[in-house]
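Input: a single structure, listed below in structure tokens.
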2 protein chains.
Amino acid sequence: MLTRSEEDHIKAVYALLQDNDSAFTKDIAERLRTKASSVTDMLKKLAEKKLVKHEPYYGVKLTAKGEAIALQLVRRHRMWETFLVNRLGFGWDEVHEVAEQMEHVASDKLIDKLDAYLGHPSFDPHGDPIPDKHGKIRARKTKRLSTCMQGDSVRIAAVSETTDGLLRLLDSKGLRIGSVLSVQEVHAFDGSMDVKPKSGAAFSLSKDVSHHLQVEAA
Amino acid sequence: MLTRSEEDHIKAVYALLQDNDSAFTKDIAERLRTKASSVTDMLKKLAEKKLVKHEPYYGVKLTAKGEAIALQLVRRHRMWETFLVNRLGFGWDEVHEVAEQMEHVASDKLIDKLDAYLGHPSFDPHGDPIPDKHGKIRARKTKRLSTCMQGDSVRIAAVSETTDGLLRLLDSKGLRIGSVLSVQEVHAFDGSMDVKPKSGAAFSLSKDVSHHLQVEAA
DNA sequence: ACCGTTTATTAGCCATGCCTAATCTTTTTT
DNA sequence: AAAAAAGATTAGGCATGGCTAATAAACGGT
């Protein structure tokens with residue numbers, strides 16, 4: 001059995017490995033609102049359990065076993081988010097904290113039954129893929145909106161940050177998963193871009209925002 | 001904020017106070033599968049927080065504040081049990097452990113929404129009352145089947161023990177919440193009684209069983 | 001190639017929540 | 001009433017998972 005803290009560290013490493021190919025002590029500490037020295041200790045412990053490969057001073061990767069655990073946690077987290085939004089009527093900006101607690105409830109049978117109850121969803125309310133029972137993630141070819149060029153027409157597939165602020169900003173502009181928009185202009189100066197939704201007036205998005213929007217060709 | 005262990009101790013005290021008018025260190029320890037000395041430490045801590053009144057050597061009671069917390073925990077526990085059985089299709093003998101974990105998820109909004117989603121249930125799958133948002137418990141006039149006399153006709157209202165063994169035994173005899181049965185004979189020797197369900201043949205129940213069946217007049 | 005900055009690690013401390021063993025209290029037996 | 005038993009508390013120890021301060025390694029700019 002893993003402790004809650006061990007699970008949190010594995011999840012943090014997994015999340016960081018999505019963007020970079022090695023995870024660093026400092027970033028893990030920041031994510032967990034803890035200190036680098038605490039993280040070093042935990043990495044040592046997880047390395048002994050063969051869940052991570054830790055090269056001191058050079059960052060950490062997950063072993064196959066560690067990744068499998070991370071995928072289960074991601075599965076549980078996204079499944080509960082789906083339940084909270086689709087069944088209980090929470091807003092997509094309200095569910096992260098609660099799911100963070102629920103994901104640590106350990107029962108395979110529970111998640112299997114929940115999966116069936118929700119109709120075996122492949123994506124959570126933020127558009128992120130839900131790993132299946134065996135940890136398989138349904139592949140999609142998406143890219144960041146920030147990498148798109150003038151004239152591209154795209155559909156929003158996922159929002160890769162679950163802070164209240166970003167989600168509420170999208171709500172206020174009428175953007176949600178599935179929204180289709182075309183890129184009007186990209187400003188080299190600050191990376192901001194003007195986009196026009198299918199119906200409605202064009203508006204501008206900062207690079208901070210477009211960077212976190214995963215889109216697919218529309 | 002309370003820790004998980006603090007919550008567990010408060011719940012144990014509450015449960016013991018249902019049957020006796022003071023809770024003892026030894027019994028709390030047994031319930032929590034821990035040792036008496038650990039319980040003493042925790043009681044001291046809870047007493048400082050004004051959640052229990054602890055008279056060393058003479059047992060412990062809950063303060064109003066402590067009882068309010070216990071009622072919230074009971075509410076969460078029974079609400080999740082209801083969800084697991086009524087929505088996810090778990091058997092009533094399978095849900096205790098999982099609910100034990102889920103009850104520690106802290107979010108008032110979550111429980112409010114779950115309450116509405118389940119249709120504001122007043123009783124859980126074992127027939128136990130679910131305290132409302134303010135901790136009020138819907139009163140019923142029930143008694144233990146073991147206190148009934150020959151000729152009484154009663155309906156099973158609740159099962160006051162959530163061990164797999166008892167629940168499966170009831171399942172095997174076709175007994176569930178709402179079952180109606182009449183008392184044929186009570187044996188003074190061992191306290192066992194012969195009962196006859198509305199439809200079907202009579203059978204015998206040991207005192208261990210009848211003691212845990214809460215019934216109301218049918 | 002060196003020096004300063006950034007990042008990691010180690011060493012040592014602390015709180016929590018558990019434990020065992022020893023020492024009370026209270027209750028029960030004789 | 002004294003002895004024994006049962007139960008509760010205290011004293012002291014241990015593992016976990018945090019922390020700060022001190023040290024070590026890697027990196028970036030000159």
Side-chain angles (χ1 to χ4, degrees), chain A residues 1-17 19-62 66 69-70 73 100-101 103-104 106, chain B residues 1-17 19-62 66 69-70 73 100-101 103-104 106:
Chain A
M1 257 332 282
L2 296 186
T3 64
R4 161 134 199 191
S5 180
E6 288 170 331
E7 288 187 350
D8 283 338
H9 280 77
I10 287 175
K11 232 187 46 156
V13 172
Y14 177 84
L16 289 167
L17 290 176
D19 289 326
N20 317 282
D21 54 52
S22 193
F24 295 99
T25 306
K26 179 182 81 91
D27 300 312
I28 298 169
E30 193 171 320
R31 245 182 135 64
L32 299 178
R33 293 150 182 274
T34 182
K35 300 296 186 227
S37 56
S38 308
V39 171
T40 300
D41 288 347
M42 187 56 81
L43 291 180
K44 224 180 291 176
K45 188 175 166 194
L46 293 175
E48 270 161 26
K49 293 195 180 186
K50 308 281 186 203
L51 300 175
V52 304
K53 265 197 299 283
H54 183 207
E55 306 268 4
Y57 294 103
Y58 283 90
V60 62
K61 293 191 201 316
L62 291 172
I69 289 170
L73 289 168
E100 199 74 19
Q101 297 183 61
E103 77 190 1
H104 295 287
Chain B
M1 256 333 279
L2 297 185
T3 65
R4 159 132 201 191
S5 180
E6 288 169 331
E7 288 188 348
D8 283 339
H9 280 77
I10 287 175
K11 233 187 44 154
V13 172
Y14 177 83
L16 289 166
L17 289 176
D19 288 327
N20 316 283
D21 55 53
S22 193
F24 295 98
T25 305
K26 179 182 79 93
D27 300 311
I28 299 168
E30 193 171 318
R31 245 181 136 61
L32 300 178
R33 293 150 182 274
T34 180
K35 299 297 186 224
S37 57
S38 308
V39 172
T40 300
D41 289 347
M42 187 56 82
L43 290 181
K44 224 180 289 177
K45 189 176 167 193
L46 293 175
E48 270 162 26
K49 293 195 179 186
K50 308 283 187 200
L51 299 175
V52 304
K53 264 198 300 285
H54 184 207
E55 307 267 2
Y57 295 103
Y58 284 90
V60 63
K61 293 190 202 318
L62 291 171
I69 289 169
L73 289 169
E100 199 75 18
Q101 296 183 61
E103 76 190 3
H104 295 287

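Atoms considered below: every heavy atom in the structure, side chains included; atoms not considered: hydrogens, waters and symmetry mates. So that the names make sense, note that chain A is the first sequence line, chain B the second, and so on, each numbered from 1.
The interatomic distance linking A:Met42 (CE) with D:dC19 (C1') rounds to 14 Å, in whole Å. Protein atom OH of A:Tyr58 is 14 Å distant from nucleotide atom C1' of C:dT6, rounded to whole Å. Put simply, NE2 on A:His9 is 9 Å from P on D:dG17, counting in whole angstrom units. A straight line from NZ of B:Lys26 to P of D:dT9 spans 14 Å, rounded to a whole angstrom. As rounded to whole Å, 15 Å separates atom C1' of D:dG7 from atom CG of B:Leu16. Note: CD1 (B:Ile28) to P (C:dC18) measures 13 Å, nearest angstrom. To the nearest angstrom, C1' of C:dT16 lies 14 Å from CG of B:Leu2. Look at CD on B:Glu48: it is 10 Å from P on C:dT16, rounded to the nearest Å.
The side chain of B:His54 places no N or O atom within less than 4.0 Å of a non-bridging phosphate oxygen (OP1 or OP2) of D:dA8. For D:dT10, one of the phosphate oxygens OP1 or OP2 lies less than 4.0 angstrom from a side-chain nitrogen or oxygen of B:Lys44. A sub-4.0 Å separation between OP1 or OP2 of D:dT9 and a side-chain N or O of B:Tyr57 is absent.
For B:Asp41, counting side-chain heavy atoms from C-beta on, the closest listed nucleotide (D:dA26, D:dC19, D:dT10) is D:dT10. Of the listed nucleotides (C:dC18, C:dA8, D:dT9), D:dT9 has the atom at the smallest distance from the side chain of B:Ala36. Distance from the side chain of B:Pro56 is smallest to D:dT9 among C:dA8, D:dT9, D:dG17. The side chain of A:Lys35 lies closest to D:dT20 when the candidates are C:dC18, D:dG18, D:dT20.
At a threshold of 4.0 angstrom between heavy atoms, the contacts of A:Thr25 are confined to the sugar-phosphate backbone, with no base atom among them. As judged by a 4.0 angstrom heavy-atom cut-off over every strand, A:Ser5 is placed among residues touching the sugar-phosphate backbone only. The residue A:Ser38 sits close to a base: some heavy atom pair falls under 4.0 Å.
Residue B:Glu30 qualifies as open at atom CD: its count of foreign heavy atoms under 6.0 Å is 12 or below. In this structure, A:Glu100 places its CD atom where more than 12 heavy-atom neighbours from other residues, nucleotides or ligands lie under 6.0 Å away.
Using a 4.0 Å cut-off between a side-chain N of Lys or Arg and a carboxylate O of Asp or Glu, B:Asp8 and B:Arg4 qualify as a salt bridge. A salt bridge does not link A:Asp41 with A:Lys45: none of the charged nitrogens is closer than 4.0 Å to a carboxylate oxygen.
Applying the 3.5 Å distance criterion, the base of C:dT20 shares a donor-acceptor pair with the side chain of B:Ser37.
Residues A:Ala23 and A:Ile28 share a closest heavy-atom pair of CB-CD1, 4.4 Å.
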